[in-house]
Amino acid sequence: MQDAQDKLELHSKLLKYPPFYTLQDHKETRKKQITQWGEIVHLYFQSHKILESSISEILNFPIFQDSSSGIIKRLDSSEIKEILNQMAQLGSIEWKNDQNFSVNLVSPFELADAIYAWAKEKKMIGYTETLRGITEGSQTDQTKKFYNLPQEQILKACLILEETGRCQVYEFDGLYSIKFI
């Protein structure tokens, strides 16, 4: 929990630091900066429950501009698109086309870890469950990150678990079953 609080404090400080609104040319610095921006944007989407948006719409989001120094600093659309592209690589958003995207409020990697922790907690290792059983079954309570999420999101998370050797995904006639390993 302290780690999350530390991140929130860091993000708050970064948003009040005018040079943060100028993406740097140095490769490693820019990479870190874009990662920080991605976290900030994803938290913004989560806190405002934004499930879909577009580049033109988010240009006006308050997090992309700062006037605390008396000079308005803001990210332009190409910089925002660079941040969104990195978020898409991490699974935080999915592009619908070159301007519009949907938001995964919980990234597939976070979901994968949460689902596997749940499977271990419920002693389901070695057993099979359906996607629906994972999201809304009798063993899944409403406090779980994956409770009642779309099955497409759960499937992506389970495919990550399969890639890391923590489950096997079976498909028959469009229905999926997950065997936890």
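FYI, side chains are in, hydrogens and waters are out, and symmetry mates aren't considered; it's all heavy atoms of this structure.
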Residues which pass side chain to side chain contact (heavy atoms under 4.5 Å, CB included) with [X], listed by chain and number, not counting sequence neighbours:
{"X": "L59", "value": "S77, I80"}
{"X": "T128", "value": "S177, K179"}
{"X": "E163", "value": "none"}
{"X": "Q86", "value": "I34, T35, Q89, L90"}

Just by modelled atom types, is the I63 backbone N or O under 3.5 Å from a matching donor or acceptor in the Q65 side chain?
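Checking the backbone N and O of I63 against the side chain of Q65, no donor-acceptor pair under 3.5 Å is found.
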
Quick one: salt bridge (Lys or Arg N to Asp or Glu O under 4.0 Å) pairs with a partner in [range], sequence neighbours left out?
{"range": "residues 37-58", "result": "K7-E39, E52-K96"}
{"range": "residues 99-112", "result": "E110-K145"}
{"range": "residues 21-33", "result": "R30-E82"}

Using the test side chain to side chain donor-acceptor pair (under 3.5 Å), find all partners of T130 that sit at least two apart in sequence or belong to another chain.
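None.
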
Name all residues meeting the ring-ring contact (aromatic ring centres under 6.0 Å, His included) criterion together with Y170; count only those two or more places apart in sequence or in a different chain, and write none if there are none.
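Here no residue qualifies.
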
Any residue meeting ring-ring contact (aromatic ring centres under 6.0 Å, His included) with F64, in chain and number order, not counting sequence neighbours:
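Testing F64 for ring-ring contact (aromatic ring centres under 6.0 Å, His included), a comparison that skips the adjacent residues, returns W37.
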
Please tabulate, one pair per line, all N/O donor-acceptor pairs under 3.5 Å involving side-chain atoms of residues 113-127, not counting sequence neighbours.
unit_1: D113; atom_1: OD1; unit_2: R166; atom_2: NH1; d: 3.3
unit_1: D113; atom_1: OD1; unit_2: R166; atom_2: NH2; d: 3.4
unit_1: Y116; atom_1: OH; unit_2: I181; atom_2: O; d: 2.6
unit_1: W118; atom_1: NE1; unit_2: Q139; atom_2: O; d: 3.1
unit_1: E121; atom_1: OE1; unit_2: K144; atom_2: NZ; d: 3.3

If a pair satisfies ring pair (Phe, Tyr, Trp, His ring centres under 6.0 Å) and one of its residues is in residues 89-114, list it, with sequence neighbours excluded.
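Sorted pair list: F45-F101, W95-F101.
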
I160, L111: one ILVMFWY side-chain cluster at the under-4.5 Å cut-off?
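No, because I160 and L111 fall into different hydrophobic clusters, even though each may have its own neighbours under 4.5 Å.
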
